[in-house]
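One structure is given here, and the rest of the page talks about it.
So that the names make sense, note that chain A is the first sequence line, chain B the second, and so on, each numbered from 1.
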Amino acid sequence: DTGVSQDPRHKITKRGQNVTFRCDPISEHNRLYWYRQTLGQGPEFLTYFQNEAQLEKSRLLSDRFSAERPKGSFSTLEIQRTEQGDSAMYLCASSSGTRPYEQYFGPGTRLTVT
Amino acid sequence: AQKVTQAQTEISVVEKEDVTLDCVYETRDTTYYLFWYKQPPSGELVFLIRRNSFDEQNEISGRYSWNFQKSTSSFNFTITASQVVDSAVYFCALYLSNTGNQFYFGTGTSLTVIP
C-alpha cells in the first residue's frame, strides 16, 4: 500500500494560466475527495467521487474548477484562468465506501499563482 | 450549520511539558465523528484519533489522550511529555455521516515544542 499520491507537489503559475493536478488514491478505495487549504486555515471540502461519479460539489468549486475521475481510479483537478486567490494547498484523500470517515490524505499540491 | 472552533492559534511549550489543545464543535446531527489530525511542515495530514458521537469514553493512547464531552461540545486533545517532533499544526475536525460525507475542519493550532 503506497498511500495517496499527488502530482506535482508544487506548482507555480502565472495568473490566467490553466493548471491540472493529479491524485492517485489507495488502490482499493472507491471514494476520492478534493480539499483546498489556504494559509492559516483548515482544509475545506471541494468535491468527492464515488468510483467515476462526482456525487457532491462545494459552492467553493467555481465554474473555473473541474474535476474528473474517468475510470474510477486516479482523479484530476483542473483550474482554468487561475487567479491569485487560487493560491493554496490542494489536498486529495481517499476512503472506502463502507468507512467514508476514514479518509487518508495525500501530501498535497501547493499552488502559487503569481 | 456545522462549525469547529479552535480558539488557540499558537501554543509554545518547553519539551516534556504537557499540552492540551482545545476544540469546540457545533452540529445538530446526532451521529458524527470527531477527529484530531496533525500537519507537520511537509503538509500531509496525519490521522491521530477518532471518536464517534455515541462513545464519550475518554482514552489514552501512548502520549496522546482526549477528553470528549458532549454536554459542552468539546473534544480536547492532550499530549503528555511533549517532544520537539510534536511541533506541527493540529486540526480538530467534525465528520457528519448524513450530510455530504465531508469533513469540517477547525482553523488549526500551531504547536511549537522548544527544546
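Taking hydrophobic clusters as Ile, Leu, Val, Met, Phe, Trp and Tyr residues chained together by side-chain heavy-atom distances below 4.5 Å, Phe49(A) does not share a cluster with Phe74(A). Linking Ile, Leu, Val, Met, Phe, Trp and Tyr residues whenever their side-chain heavy atoms come within less than 4.5 Å leaves Ile26(A) and Leu32(A) in two separate clusters. There is no path of hydrophobic side-chain contacts, each under 4.5 Å, that joins Phe91(B) to Tyr90(A). In this structure, Tyr90(B) is a member of the same hydrophobic cluster as Trp66(B), with clusters built from ILVMFWY side-chain heavy atoms closer than 4.5 Å. Cluster annotation: Tyr104(B) and Val24(B) are assigned to distinct hydrophobic clusters (Ile/Leu/Val/Met/Phe/Trp/Tyr, side-chain heavy-atom contacts under 4.5 Å, transitive).
In this structure, Phe103(B) and Phe45(A) approach most closely via the heavy-atom pair O-CB, 4.5 Å. The minimum heavy-atom distance between Leu91(A) and Gly43(B), with the atom names listed, is CD2-O, 4.2 Å.
Interatomic distance, Glu44(B) CD to Met89(A) CE, rounded to the nearest 0.5 Å: 10.0 Å. Atoms OH and OH, on Tyr95(B) and Tyr101(A) in that order, are 9.0 Å from each other to the nearest 0.5 Å.
Residue Arg15(A) places its CZ atom among 12 or fewer non-hydrogen atoms of other residues, nucleotides or ligands, all under 6.0 Å distant. Atom CD1 of Ile12(A) sits in a sparse spot, with 12 or fewer heavy atoms from other residues, nucleotides or ligands closer than 6.0 Å.
Chain B forms more heavy-atom pairs under 4.5 Å with one residue of Ala93(A), Gly42(A), Pro100(A), Pro43(A) than with any other, namely Pro43(A). With respect to chain A, the highest number of heavy-atom pairs below 4.5 Å among Phe47(B), Phe105(B), Tyr37(B), Phe35(B) belongs to Phe105(B). Ranking Arg9(A), Gln41(A), Glu44(A) against chain B, the residue ahead of the rest is Gln41(A), based on heavy-atom pairs under 4.5 Å. Taking chain B as the reference chain and counting heavy-atom pairs below 4.5 Å, the highest number among Glu102(A), Arg31(A), Gln103(A) is found for Gln103(A).
Within the 4.5 angstrom heavy-atom criterion, no atom of Tyr104(A) approaches chain B. Contact of Gln39(B) with chain A is made through the side chain alone, with heavy-atom distances under 4.5 Å.
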